[in-house]
Amino acid sequence: MSIDLFTFVAQIINFIILVLLLRHFLYKRIIRVMDEREKNIARRIEEAETKKKGAEEEAAAYQKKKNELEEKGRDLISRAQREAEDRKKELLQKARDEVDRTQKHWRESLQRQKEMFLHDLRRRAGEQVFETAKRALKDLADENLEKQIVETFLQRLLKLGDEEKQMIRDSLERSDQEAVILSRFKIPENLRDKAEKAIKDFSGRDVRVQFKTSEDLIGGVELDVRDRKVAWGIDVYLESLEENMAVAFEQKVSEEEKDQEEENIAAEEDEGARKKEEGKEPRKKKT
Amino acid sequence: MNISPDSIIFWQWGPITLNATIVFTWGVMGLLVLISWLATRKLAVEPALSRWQMAMETVISYMRDQIRELTHRRPDDYLPFIGTLFLFISLSNFLSFVPGFQPPTGSISTTAALAACVFIAVPAFGIASAGFKSYFSHYVRPSMFMLPFHIIGELSRTLALAVRLFGNVMSGTMIAGILLSVAPLFLPVVMHALGLMIGQIQAYIFAVLATVYIASASRAHEEETKRSARKSEKGG
């Protein structure tokens with residue numbers, strides 16, 4: 001069991017040769033292949049990473065786009081709802097306005113008709129009363145009555161205010177002291193003289209007085225001096241009766257109108273309350 | 001009964017002796033090269049790989065991992081030397097079950113030659129990684145007196161390496177031979193199986209020890225540089 005020198009050296013050489021041979025045949029080649037494979041795998045992993053990243057980015061982009069579209073859709077729907085709501089309100093308002101207008105028009109027309117009817121009634125009633133009184137007076141009128149009328153007229157002429165008297169005097173002067181006395185019936189001679197005298201006294205000058213009769217007058221006397229007229233007659237009372245009647249009717253009518261207006265206001269208030277109720281309803285639905 | 005295959009001489013011419021150790025070494029070498037050639041004949045990067053390539057890749061990647069774990073360095077510089085040590089010893093021991101085969105590792109000339117290769121390789125790798133001067137400076141640390149002890153240490157571990165392998169393989173063969181003459185039927189088979197296992201373990205131990213020696217030589221230098229770097233940092 002001693003070391004054989006030749007074998008020792010030979011084995012060293014053998015070993016070195018074996019190392020070189022194996023390095024050439026085995027290690028280098030296998031390591032190269034393995035490294036290459038590892039590189040390939042690394043490359044593939046990297047590629048996969050890149051692709052994954054790309055896919056993730058794309059997915060994120062699509063997600064973003066989808067979100068945007070959803071947002072847009074929601075916006076569109078809400079806008080459409082809002083517009084529909086506005087349109088509905090507008091249409092309702094329009095319809096209400098239309099109804100109000102029609103109602104107002106109708107009321108106005110009713111009012112007008114009523115007024116016309118009342119006016120007509122008033123006129124007819126006045127006429128009727130006037131006509132009745134006129135006929136009664138016509139039937140009653142005679143010379144005695146005429147006499148009474150003339151005397152009353154003359155008294156009245158004297159009782160006129162100073163200003164009015166002056167105005168009549170002025171008118172007499174302008175008409176060259178001419179005056180006309182109108183009456184329904186012919187005034188008797190003695191009354192004519194009395195009247196002429198009274199007028200002359202009134203004016204203080206000589207006045208030519210003409211006596212005329214007129215069918216239009218109902219038991220009354222009229223003094224015409226150019227542009228002035230002093231009259232007394234039953235006509236005046238009748239006219240004032242007509243006027244009074246008209247006034248009474250007006251009052252009645254205005255009262256009725258007031259009542260009507262109050263009713264209208266009450267109705268409008270009711271309507272306002274109803275509208276409020278309507279306004280509340282959709283809110284209730286939302287909650 | 002031959003203790004060493006060195007004494008089986010096939011051919012001799014002057015000082016040149018062609019004994020069984022050399023012949024069987026050539027045989028193992030030839031077999032290894034043949035396997036390598038078969039494995040690397042049709043190399044493929046992508047599957048399907050050939051069976052030989054697959055087998056060799058498994059072996060080599062395992063060796064690389066081992067070297068990486070022990071040295072904490074790139075294994076490809078050490079792989080040809082350490083890998084060849086392992087493959088040669090492993091195959092030699094493995095083939096001992098072949099009748100008539102004398103494992104070359106059973107000769108102290110072979111194990112001494114391998115140990116001598118490691119003895120030379122340790123400083124060679126150390127110098128290659130650290131440089132001539134800085135490698136040899138660790139022999140005189142911490143003082144000049146340590147130099148003989150360092151050298152004795154180097155020599156003794158080389159001797160231990162050689163004798164351990166030789167003793168194990170030789171004893172395996174010897175025990176098998178002795179038992180064969182004492183109890184020829186069953187016991188030698190068991191002992192032979194044990195011998196095969198011990199042979200593989202020895203191959204592994206030899207390769208790992210060689211790696212550790214080489215790594216320690218490189219690492220000693222690294223620690224050196226680190227320490228000096230730290231010193232310079234502190235000084236600076």
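On a predicted model such as this, the values are computed, not experimentally measured, just so you know. Letters go in sequence order (proteins before strands), and every chain restarts at 1.
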> Under 6.0 Å from the CD atom of A:E68, do we count more than 12 heavy atoms belonging to anything else shown?
Replying inline: yes
>> If I measure from the heavy atoms of chain A, does B:A116 come under 4.5 Å with its side chain, its backbone, both, or neither?
In response: side chain
>> So which residue, A:R37, A:H24, A:K28, ends up with the most heavy-atom pairs under 4.5 Å with chain B?
In response: A:R37
> At their closest point, which heavy atom of B:C117 faces which heavy atom of A:F15, and how far apart are they?
Replying inline: SG-CD2, 3.6 Å
>> Nearest 0.5 Å, please: how far is CG in B:L43 from CE in A:M34?
In response: 11.5 Å
> Which atom names give the shortest non-hydrogen contact between B:S36 and A:F25, and what distance separates them?
Replying inline: CB-CB, 3.8 Å
>> Is it the case that over 12 heavy atoms from other parts of the model lie below 6.0 angstrom from the CD atom of A:E47?
In response: yes
> Counting heavy atoms not belonging to B:F10, are there more than 12 under 6.0 Å from its CZ?
Replying inline: yes
>> If you count heavy atoms of other groups shown closer than 6.0 angstrom to CG of A:D120, is the number above 12?
In response: yes
>> Please evaluate residues A:D35 and B:R74 with respect to the criterion salt bridge (Lys or Arg N to Asp or Glu O under 4.0 Å), reporting the C-alpha separation (whole Å), side-chain torsions for both, the decisive distance (0.1 Å), and the verdict.
In response: CA-CA 13 Å; A:D35 285 352; B:R74 250 185 89 242; over 6 Å; no
> Checking side chain to side chain contact (heavy atoms under 4.5 Å, CB included) for the pair B:L87/A:L18: CA distance, chi angles, key distance, verdict?
Replying inline: CA-CA 10 Å; B:L87 287 177; A:L18 184 63; over 6 Å; no
>> One pair to check against side chain to side chain contact (heavy atoms under 4.5 Å, CB included): A:V33 and B:Q53. What are the steps and the verdict?
In response: CA-CA 10 Å; A:V33 168; B:Q53 188 188 340; 3.6 Å; yes
> Going by atom types only, do A:Y27 and B:T84 share a side-chain donor-acceptor pair under 3.5 Å?
Replying inline: yes
>> At a heavy-atom distance under 4.5 Å, which candidate from A:V9, A:L21, A:N14 has the highest pair count against chain B?
In response: A:N14
> Could you state the interatomic distance from CG (B:D76) to CZ (A:R32), rounded to the nearest 0.5 Å?
Replying inline: 13.0 Å
> For A:L22, is it the side chain, the backbone, both or neither that has a heavy atom under 4.5 Å from a heavy atom of chain B?
Replying inline: side chain
> Between A:R29 and B:E57, is there a salt bridge with N-O shorter than 4.0 Å?
Replying inline: no
> Rounded to the nearest 0.5 Å, what separation is found between the CD1 atom of A:I31 and the CD1 atom of B:I60?
Replying inline: 6.5 Å
>> For B:F94, I'd like to know if atom CZ has over 12 heavy atoms of other residues, nucleotides or ligands within 6.0 Å.
In response: no
> Pick from A:T7, A:I13, A:L20: which one has the most heavy-atom pairs with chain B under 4.5 Å?
Replying inline: A:T7
> Heavy-atom distance under 4.5 Å to chain B: side chain of A:N40, backbone, both or neither?
Replying inline: side chain
> With a 4.5 Å limit on heavy-atom distance, are the side chains of B:I108 and A:F8 in contact?
Replying inline: no
> Around atom CZ of B:R68, are there more than 12 heavy atoms of other residues, nucleotides or ligands at under 6.0 Å?
Replying inline: yes
>> Looking at B:W11, I want to see if its CH2 is surrounded by more than 12 non-hydrogen atoms of other residues, nucleotides or ligands under 6.0 Å.
In response: yes
> Should we count CZ of A:R74 as having more than 12 external heavy atoms under 6.0 Å?
Replying inline: yes
>> Between B:I35, B:L18, B:L32, B:V28, who has the most heavy-atom pairs with chain A when the cutoff is under 4.5 Å?
In response: B:L32
> Under 3.5 Å, is there a donor-acceptor pair between the B:T17 and A:D4 side chains?
Replying inline: no
> Who wins among B:R64, B:M56, B:M63 for the most heavy-atom pairs under 4.5 Å with chain A?
Replying inline: B:R64
> Say you draw a straight line from CD1 of A:I30 to OG1 of B:T40; how long is it, rounded to the nearest 0.5 Å?
Replying inline: 6.5 Å
> Regarding A:Q11 and B:S109, is there a side-chain donor-to-acceptor distance under 3.5 Å anywhere?
Replying inline: no
> Do you know which of B:T111, B:I120, B:L85 has the most heavy-atom pairs under 4.5 Å to chain A?
Replying inline: B:L85
